[in-house]
Amino acid sequence: MRMSFGLIFRTAKGRWMAKLSRQCSRGYTELFVPSSPPLDPEKVKEFQRFITLSKRLLVMTGAGISTESGIPDYRSEKVGLYARTDRRPIQHGDFVRSAPIRQRYWARNFVGWPQFSSHQPNPAHWALSNWERLGKLYWLVTQNVDALHTKAGSQRLTELHGCMHRVLCLDCGEQTPRRVLQERFEVLNPTWSAEAHGLAPDGDVFLTEEQVQSFQVPSCSRCGGPLKPDVVFFGDTVNPNTVDFVHKRVKEADSLLVVGSSLQVYSGYKFILTAQEKKLPIAILNIGPTRSDNLASLKLDSRCGELLPLIDPH
Ligand SMILES: [Zn+2]
């Protein structure tokens, strides 16, 4: 099966429209979610016991929880971006150092934004939000930057790597909503048009050099500094205050559940090590192997949106 898909963008009365190509009509699940074995009733029971016994549950989520919402991850076998394309994520140092790299990044991000920002939570996000409402979930830590937990209503939440829905000035540190920047892009680039192919987890798309070079990028409206999405790019480090905060929450928890992460990124993996030092029971729900399978008392290779809503959080 061909895994790539195309996005064609056209201007219509100054607004951006996205049309998914026919391959996408099969649905997100088949496109971005790795295949998994059918649910094993015994394992579901075991997982239910794990959740029932937990009184202060900390949940850590990764890209695997959002694939069922149509956002591809980077690492999944066959369907992840590393497997489907030769693209690699932007490096923090390159972005900060180079105005042309920022221009290319923002041009692609501008084209991808209407599609990226329109993704909606899936049953896994809703289940975790429900667990919080019922007092089951002590704290939620996500490695995702897609705002889907917030859209589902989660509040006891730390976005470890920031959020694409916010923009940060690299000089004065002012935070502004990403949607406001989209309006500024549209004003500055009224006739700019592009055809783009493929959407990455951070909302990135492909463009030609010519298209990139004619794209106008606004700067901070307060100080004129360069703008960056309020996310931790590869090669950057998570804010130490955020790391301390999450370490505290892990230490206060009585069990840890990983949802949709292969734990390859150290900033998430180190909290698993903290949980292990504290001898917390660890359960992992992820299709495919993770860096911490050997530390988990329970490992489930199921779709997050299929399994989590089956669990009674009382
Ligand atoms: Zn500024």
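Nothing fancy with the numbering, it's 1 onward along the sequence. Whatever order the structure lists ligands and atoms in, that order sets their numbers, starting from 1.
- Counting only heavy atoms from C-beta outward, the side chains of Leu285 and Leu308 approach each other to under 4.5 Å.
- Ionic pairing of Glu46 and Lys43 is not present here: no N-O contact between side-chain nitrogen and carboxylate oxygen is shorter than 4.0 angstrom.
- The residues Lys55 and Asp254 are annotated as not salt-bridged, no charged nitrogen and carboxylate oxygen being separated by less than 4.0 angstrom.
- For residues 270-289, the side chain to side chain donor-acceptor pair (under 3.5 Å) pairs, not counting sequence neighbours, are His247-Thr274.
- Using a cutoff of 4.0 Å between basic side-chain nitrogens and carboxylate oxygens, Glu174 and Arg222 are scored as salt-bridged.
- Listed here is the closest heavy atom pair of Tyr138 and Arg156: O-NE, 2.7 Å.
- Of all protein N/O/S atoms, those under 2.8 Å from the Zn ion (ligand 1) are Cys169 SG, Cys172 SG, Cys220 SG, Cys223 SG, and waters are not counted.
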